[in-house]
Amino acid sequence: MAATSMAETTRRGMTREEKKVIFASSLGTVFEWYDFYLYGSLAAFIGTTFFADYPEATRNIFALLAFAAGFLVRPFGALVFGRIGDLVGRKYTFLVTILIMGLSTFLVGVLPGSANWGIAAPVILVILRLLQGLALGGEYGGAATYVAEHAPDNRRGYYTSWIQTTATLGLFLSLIVILIVQNAVGKDAFAAWGWRIPFLVSCVLLAISVWIRLSLSESPAFKKMKEEGKGSKAPLSEAFGQWKNAKIALIALLGLTAGQAVVWYAGQFYSLFFLQNVLKVDGQSVNIMIAIALLIGSGFFVFFGWLSDKIGRKPIIMAGLLLAILTYFPLFKALTSAANPALAQAEQTVRATVTAAPGDCTFQFNPVGTAKFNNSCDIATSFLSKSSVPYTIADGPAGQPATVKVGDATVTSYDAAAAGKDAAAKGAAFTHDMSLALQKAGFPLARDPAKVPDAKLDAFITANPELGLNAATVRAGEKTVTPTADLVKAKLLTAEQAGGATDMPVYTVASGGAFKMVANPSAINWPLTIAILTILVIYVTMVYGPIAAILVEMFPTRIRYTGMSLPYHIGNGWFGGLLPATVFAMSAATGDIYYGLWYPIAIAAMTLVIGVIFVRETKGVNLDAID
């Protein structure tokens with residue numbers, strides 16, 4: 001009879017109620033990810049509104065708190081809401097999480113800035129951000145558990161795979177709304193107040209999501225457990241205080257979610273960072289490439305969820321990890337050749353040498369982006385890393401600043417702390433000399449035109465002898481007379497340099513602006529770049545598509561919400577969330593733009609070994625029979 005029932009379930013399509021459950025759970029989770037991504041996408045505008053009036057140390061504290069909410073707080077949300085979900089029910093708990101997320105997001109849109117509310121404004125903003133992180137920590141486990149407990153045993157991978165598409169869809173939705181608003185109100189208005197509109201729009205999405213979720217019933221497995229009086233009175237202590245359950249959570253973390261997280265972040269987020277910040281492809285092109293790859297690859301979330309119902313969850317996840325381990329290095333090197341062939345060629349033929357005193361070089365781990373590295377070696381290696389230049393570090397004499405040799409040129413770095421008030425000038429000179437040396441060595445650097453006020457022209461010509469300029473010739477050429485107040489506002493001039501003048505000639509010097517590493521748009525191999533990105537996305541779908549099903553199937557109903565949520569969010573919030581900063585720091589420490597890939601490879605390898613040995617296959621298990 002059981003076999004007949006299972007065959008009938010496989011043949012029939014989804015019932016109307018099952019479709020409603022999946023749609024409601026997925027829509028709510030899409031909305032929560034939409035809210036979550038808005039903060040990251042609009043961080044620059046939020047920083048200007050809430051943090052710009054405060055000293056650097058204060059800004060750094062707020063940045064750290066916002067970062068903590070984004071990644072580190074999520075496991076605590078899993079504990080709080082997981083416990084409630086196992087005590088009260090799945091439906092009501094993820095109603096609470098979506099209300100917290102939605103209202104917190106809406107309030108960001110109406111919160112006055114620091115200019116009006118002073119220090120209270122950023123404090124309230126961080127509190128709202130912390131609430132968002134806590135809510136997101138509770139949302140995923142609730143949605144996955146709710147869908148899984150409605151799904152037939154032999155189609156659970158397929159049903160829950162729809163939840164796995166929500167992070168990608170949430171990212172799409174946030175970007176689309178931002179683009180629409182930007183085009184509607186204009187650049188200046190968006191920076192001033194338009195950035196608030198995407199946050200305000202969330203109230204509409206919130207209303208729709210809550211309305212749909214209110215119409216749902218509690219999951220059958222939870223109702224059955226309650227009717228039989230088998231619920232847990234203390235889900236946290238039972239899930240993690242008893243070794244038989246804590247062991248399962250530990251295996252879920254180290255044998256599944258840690259590796260899944262690094263493959264997910266490497267494929268969907270670090271690939272974007274790598275293209276834009278390492279290969280120097282312009283942001284709009286990167287967004288288009290990633291969007292196309294996601295559109296092509298996102299259907300594989302559902303495909304691999306469906307396939308896991310046929311051949312098992314474990315083989316697909318482990319295969320995805322193995323493929324990532326074996327191919328990350330060749331894929332990212334191929335990505336360099338496809339997206340910036342000039343940079344790939346330069347890296348093969350040129351390698352810088354940094355000679356520094358012992359102890360002058362440190363490990364540049366900077367997850368929040370606010371740390372300052374003042375040693376001469378750190379300044380040199382940071383510049384080279386951000387410029388995607390490979391380098392080797394050699395020991396030099398103690399007490400001497402680091403030097404950088406590129407081809408025939410040698411440039412001396414500086415210690416920012418020792419330089420004091422001259423640090424800015426020395427930094428500008430170091431950046432100029434290093435950029436010129438790299439350009440001569442074959443790296444693809446370009447310079448935009450420079451706007452030079454008359455008061456700074458002579459100093460500009462002295463600092464840029466490679467341009468071969470003559471002051472008299474420049475002054476005799478075309479110029480624009482501009483009010484000095486506008487020049488001061490644009491930071492082209494200081495009030496002291498204006499010397500009391502009300503206006504001043506400004507000269508446009510071709511190729512005289514700051515150097516920047518670029519990817520020549522006409523040289524980018526778009527089809528190959530998108531193909532590589534799509535492969536990385538498919539790896540993501542392999543490890544992520546079946547993950548909800550296998551996590552749900554590892555824990556008994558009475559502690560399922562709590563048990564699955566914590567390892568998921570530690571894996572994705574900590575192992576995955578710290579990936580970009582860790583990868584960059586490892587690459588900066590070694591002078592190799594690919595070296596940081598050892599981080600996701602090592603974590604994936606650890607998960608592969610532990611998963612193969614300790615994770616058992618759960619395909620088709622009866623959720624009510626798990627104890």
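Remember, predicted model here, so these are calculated numbers, not experimental data. Just so it is clear, the values below take in all heavy atoms, side chains as well, and ignore hydrogens, waters and symmetry mates.
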Looking at F23, I want to see if its CZ is surrounded by more than 12 non-hydrogen atoms of other residues, nucleotides or ligands under 6.0 Å.
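No.
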Do [X] and [Y] have side chains that approach each other closer than 4.5 Å (heavy atoms only, starting at C-beta)?
| X | Y | result |
| --- | --- | --- |
| Y599 | Y270 | no |
| I84 | Y92 | no |
| I570 | T257 | no |
| F273 | L579 | no |

Any donor-acceptor N/O pair, [X] side chain to [Y] backbone, under 3.5 Å:
| X | Y | result |
| --- | --- | --- |
| S587 | G596 | yes |
| T607 | G255 | no |
| T562 | G82 | yes |
| E617 | K619 | yes |
| R560 | F555 | yes |
| T166 | I163 | yes |

Sequence neighbours excluded, every pair satisfying side chain to side chain donor-acceptor pair (under 3.5 Å) that has a member inside residues 316-334
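Every side chain to side chain donor-acceptor pair (under 3.5 Å) pair that includes a residue of residues 316-334, provided the two are not neighbours, is T327-Y539.
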Please determine which of L566, L134, N572 meets the side-chain contact (heavy atoms from CB on, under 4.5 Å) test together with R74.
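Filter result, single survivor: N572.
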Geometric class of the F50/W195 ring pair [parallel <30°, tilted 30-60°, perpendicular >60°]
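Rings of W195 and F50: perpendicular, as their planes differ by over 60°.
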What class does the angle between the rings of Y140 and Y544 fall in, given that below 30° is parallel, 30 to 60° is tilted and above 60° is perpendicular?
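Judged by the thresholds at 30° and 60°, the geometry between Y140 and Y544 is parallel.
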How far apart are the C-alpha atoms of D309 and N154, what are their side-chain angles, what is the distance that settles it, and do they pass the side-chain contact (heavy atoms from CB on, under 4.5 Å) test?
CA-CA 6 Å; D309 287 327; N154 62 338; 5.9 Å; no
